[in-house]
Amino acid sequence: MSLQGAAGADELIFYVNGRKIIEKHADPEQMLLSYLRKRLHLTGTKYGCGGGGCGACTVMISTYEPASKKIRHYSANACLLPICSLYGVAVTTVEGVGSTKSRVHPVQERLAKCHGSQCGFCTPGMVMSIYTLLRNYPEPTSEQMTAALAGNLCRCTGYRPILDACKTFCKESVCCQSKASGKCCLDHEEDLFDKEEKISTRLFSPDEFQPLDPTQELIFPPELMRMAENQPKRTLVFHGERMTWISPVNLDELLDLKAAHPKAPLVVGNTIVGPQMKFGGMFHPIVFSPARIPDLNVVKYTDDGLTLGAACSLSLVKDILRNAISKLPEEKTKIFYAVLKQLRTLGGEQIRNVASLGGNVVSRKSTSDLNPILAASNCMLNLASRGRKRQIPLSDIFADGVGNNTIMPEEILVSVHIPHSRKGEYISAFRQAPRRENALPIANAGMRVLFEEGTDKIKDLSIFYGGAASTTVHAKQTCWTLIGRHWNEQMLDEASRLILKEIALPGSACGGKVEYKNTLIVSFFYRFFLEVLQSLKTMDSCHYPGIPMEYESVLQDFQTKMPQSIQIYQDVDQSQSPQDPVGRPIMHQSGIKHATGEAVYIDDLPSVDGELFLAVVTSSRAHAKIISVDTSEALKGPGVFDIITADDVPATNEFHYSSDPEIIFARNKVICVGQIVCAVVADSDVHAKQAAAKVKIKYEVLEPVILTIEEAIKHNSFFEPKRKLEEGNVDQAFETVDGILEGEVHIGGQEHFYMETQSVLAIPRGEDKEMDLFVSTQHPAFIQEMVAASLGVPANRIMCHVKRVGGAFGGKILKAGLLASVAAVAANKTNRAVRLILSRGDDMLITGGRHPFIGKYKVGFMNDGRIRAVDAKYYVNGGCTPDESVLVAEVSLLKMDNAYKIPNLRCSAYACKTNLPSNTAFRGFGFPQSALVTETWITDIADKTGLSPEKIREINMYKEDEQTPFKQKFDPQNLVRCWNECMEKSAYHSRKTAVEEFNKQNYWKKKGIAIVPMKFPFGLGTRYLSQAAALVHIYTDGSVLLTHGGIELGQGIHTKMIQVASRELNIPMSYIHFRETSTTTVPNACASVGSAGTDVNGMAVKDACQTLMKRLQPIINKNPKGNWNDWIKEAFEQSVSLSATGYFRGYNENMDWEKGEGQPFTYFLYGAACSEVEINCLTGDHKNLQTDIVMDIGCSINPAVDIGQIEGAFVQGIGLYTMEELKYSPEGVLCTRGPDQYKIPAVCDIPERFRVSLLSSSQNPYAIYASKGIGEAGLFLGCSVFFALRDAVTSVRNERGLKKTFAMNSPLTAEQIQAACADDFTKMMTNDESASSISV
């Protein structure tokens, strides 16, 4: 069939939420996500990354199979699903699951009531993953549940409350908290609870939940069943603007098409071709969709194995293999078992459900976890082309190395044959990835050995590696050389050397991690060696002794288990009125709307008539002069309206907040990669992006290009001022100490990775230069000020509105202002509404994040562990503009002491000016970096003195009424209480003994445990930064409209403000509504930053409510038995004003840097965390086993929200200190530009046992209702995991006789852990030469 014959395009028929969709102009380039959002206006499904890596766009796909009469439901990423692949399927989105208008589904209800949403942006995706699982398994196991969520990321909650909601559906109860005492099986120690305190461990009550009723779900559309059963299958053709999609129905037709168009790819799940086209700049004018061809979906059991069609999804392959393993004798299923092991961690569930077996094989990607094991197992490929069929071993497609592919362009992979294993044959697969689940591997391997019968003599050996080159590689020489050898240490020794020689990467290999990959290559083989030895022992224990006991544990991989958790807080006083919500675990006000997808974010706002879409054009050089910008090609693009440059800015383009300016559009030169040079506005986001790619910019490179802190120091490139803090006499103290140690710690940056990318909608109102801005920001007043300045109009013409923000963490202040100005300038020039929604890749490229940090220290101490003197220098990498970098450096100085009294101190902080995108505020603001440096030298002293780290911490901790190095007084008794309570609740000492015992009995796996205290000062440094205002209206029907200057970022501020108003006005929360934060209602509000939102806005709301109550008091006194509505009616009739503003002047904070003293903080939060981990020394992989946190947060206004903040921050800390790694090219280009390359913690990373207790009976006289601002403090406690890992590594190094002190930098990734453990790679390497060739 020729393409010409298919000129007339077909209609695309599918269903969405039970509604029939007939699309007459289906465009093959359109993904389901944009179709749902833009065409059907179903905005519950969110854009998070566009690459299938975050799960925010998860939907359920249902298909009907006429042959088996079965309906199959599976979850999928809407961002990767071309609409053309949906012919005849039913799509269910979050709106179809339930809504507040019809019925809220139990999944949605429980997620909300268990506090499983904070910012709410990831919630619809979570709902869809859980919902799909329940459609298939109404009573799932906890393993199925954690697997279902492996493809969903959340940046706010730390996952615990989401999993709590999931547990309520699982058939086995995961925790026994139902006992009357509310105690949990985790808590064997009686001492978890003080007898006299009234404490609670319940944040929600399951008896409120409606039951799950599978009969209530949407049915599969009968029309689609009829279509599938009765309609003759015919070829479908869809023509788009640039691309044609052909879906043939039989193999012959496909082979004809392929012969005519050999370059056209086959697309099944679009998980390889999709990202290549989206992110890799590839384009295919024609694609074939073979999913409906029976030959490619075959599943055939044969005598010697299993034949699977190339279009079978990986989930289907997984189910088929699991089924085969359960039915066949073990001897035959070893290959199936090894393939299944790799499938468990390959991608998330959403990717496995659509990705095909054939696509994985044919793409020949080095990151394929399946190809090495399939190749090693002698799998066969059945290929077909027009008039020809042939069978080749799968390993052939890798035989000639990288360049050559044995499959011809016109050939198609029809099916894959996986053989049975034989007697005397052993097969294993291995992988190591930056995150255990839903992450591409750093390296992987497949290995198979066949012994001559009844012996350990190698008859056949096959070893394949992935990750080492640009495709899977075969250690052919090694395998060939080792045939005939016995399976013993001599063979291992020789094999290791041969493998390294044959496979090892050159020092300059792309993708980095060379040493680590080389080590993994050998350690995988060593692990295989151990596995086979153990199997030989099982077969014949007389001849084969197996492996030493202490080696056995390494054969077990770390598994993800459903975490067990407990939260302890103080109940409200019994005398408190039941109507008063303060102190109770109230659900987030928008929780249900988050879960139903009805909560509206910026990009969910309906389109405005004539609206344009903006795409930015960014610099590709780190430091260069702009010679020319050629926009001619871009302007010719379809739908392009205009190009916006610096010349279009009516007034201010450069903002001089300090010496160096913040810039909207680059004019003559660029100072980092990712700087905005110009922007394209067009009629759709697709057209705008296509045109932006066509703008050509010529540069002349300028010197120097400074990227790192070291380079900035060398070129003396700093932002002023530099700061210094001194106390006591440091030089004198150094002369009298017993020991001095010096060191240096490097801490990498961190990407905010808020789930909602930077978003702006600018709408010019057409008169008086008025403009409405809807922005995802923490600081509307700043947006208003910046946009007004850039447009040259008074601020009273610019109105900025924020209803809610999908996560921010500090990243939506200055950058949001610059981006809002870009959109506003475009809206001003075109006089049309302009929408700017950054893609995840652009967001990560442009916006900067947490400051990379180097701490250099010299510490003087006594032999008994007392610290006498510290001399330290801190350097933060500020990037190309000042932003908040100097402030971050200041805070890192002011908070560096953490929980310790340092009698003599000299500390300096420098903000480095480099050619990276400007770094900015990020939760913790300098404290997580400088305090990690402090804890590092504490641990170093422990190593030096031979005392335990917790002993050093206790000796030096603030104890009595003390003062900080800058002379601010405080009372640390709650610090000591948190520490002691954490010690007790975590049973630290007995667990430490157990850890030591475990480490004696295990050689390749080690545990570590650490406990870390925290003093977190609260304050913004100057009074005017913490002022706040509120506006409260009471309407004549008694309902209340409340607004204030705080922004809902997920921290539950509006919920808390309604709690405050409810208490002050003495009315139920249901009477009070919060609409939005806007510069029209509350002017000049400060940013929602620094954990201060509730503190300051709460005071303002309280003030407004008290003003109203004062006015109402005489009326209430006259009619004390009346109700609220009577009083309000009466007040109106008496002409009493029912509207009031409230105001809070801010905290009286100051700091004099000349004198080095002041009161920059108002009060202090305290906490302590104890974490236990287990590491695998062969790979560096680790598992977080347990964390206990005790926090002093005063009297919690809402324990559910506050505990959620602590856990979420803690898990973000785990990310900062152990996982999240930003990578730049030598030219300053960010390489980690999305969830594929940049790994934030997922469900598999949270501790298996996770307990949070709020310190009881703690008061805070400075803040509203004695609470404390809690948003940031918990993040630093994530370093308890860092130090537990260090403890495990120390134990390895001690056992192997390595030197005591060693540097550990953050993030402490598997690569670092493995390198620190490495010694002569194994004890078995007796031969010195081989040992040196293997050790790293």
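In this chain, numbering begins with 1 at the start of the sequence shown.
- Side-chain atoms of Y754 do not come within 3.5 Å of backbone N or O of C156 as any donor-acceptor pair.
- Remark: R435 does not engage E1221 in a salt bridge, criterion side-chain N to carboxylate O under 4.0 Å.
- Of the possible polar contacts, one joining the N1184 side chain to the D1245 backbone as a donor-acceptor pair under 3.5 Å is found.
- At distances below 3.5 Å, not a single donor-acceptor pair connects side-chain atoms of N919 with backbone N or O atoms of H851.
- With N152 contributing its side chain and G55 its backbone, the two residues share a donor-acceptor pair below 3.5 Å.
- Residues that satisfy the ring-ring contact (aromatic ring centres under 6.0 Å, His included) test with F925, not counting sequence neighbours, are absent from this structure.
- Residues that satisfy the side-chain contact (heavy atoms from CB on, under 4.5 Å) test with T367, not counting sequence neighbours, are K365, L440, P441.
- Counting only distance, with no hydrogens or angles, the side chain of N877 and the backbone of G879 share a donor-acceptor pair below 3.5 Å.
- With values rounded to the nearest 0.5 angstrom, S1280 atom OG is found 10.5 Å from M1014 atom CE.
- Between the R621 side chain and the V701 main chain, no donor and acceptor come within less than 3.5 Å of each other.
- A distance of 12.0 Å separates SG of C122 from CZ of R155, quoted to the nearest 0.5 Å.
- A donor-acceptor pair under 3.5 Å links the side-chain atoms of S1088 to the main chain of I1047, judged by distance alone.
- A cation-pi arrangement, defined by a distance under 6.0 Å to the six-membered ring centre and an angle within 45 degrees of its axis, is absent between K46 and Y601.
- Formation of a donor-acceptor pair under 3.5 Å by the K815 side chain with backbone atoms of S918 is found in this model.
- Here the NE2-OG1 distance, from H779 to T777, works out to 8.0 Å after rounding to the nearest 0.5 Å.
- A perpendicular orientation is assigned to the rings of Y1217 and F1276, their planes being inclined by more than 60° (bins at 30° and 60°).
- A salt bridge is absent between E437 and K1239; no separation between the charged side-chain nitrogens and carboxylate oxygens falls under 4.0 Å.
- Ion pair E935/R1286 not flagged as a salt bridge, since none of the NZ, NE, NH1 or NH2 atoms sits closer than 4.0 Å to an Asp/Glu carboxylate oxygen.
- At a cut-off of 3.5 Å, with distance as the only test, no side-chain donor of T157 or Q118 sits close to an acceptor on the other residue.
- More than 12 heavy-atom neighbours from other residues, nucleotides or ligands sit within 6.0 angstrom of NZ on K722.
- A donor-acceptor pair is defined here as one N or O able to donate and one able to accept, closer than 3.5 Å; such a pair exists between the side chain of E1048 and the backbone of I1053.
- Taking the six-membered ring where tryptophan is involved, the planes of F1016 and F927 are perpendicular, since the angle between them exceeds 60° and thus also 30°.
- There is a side-chain donor-acceptor pair under 3.5 Å between D883 and T920.
- For S839 (side chain) and D842 (main-chain N/O), a donor-acceptor pair under 3.5 Å exists by modelled atom type.
- A salt bridge links E890 to R723: at least one charged side-chain nitrogen sits closer than 4.0 Å to a carboxylate oxygen.
- The side-chain contact (heavy atoms from CB on, under 4.5 Å) test applied to Y1224 returns L916, L1222, L1230, not counting sequence neighbours.
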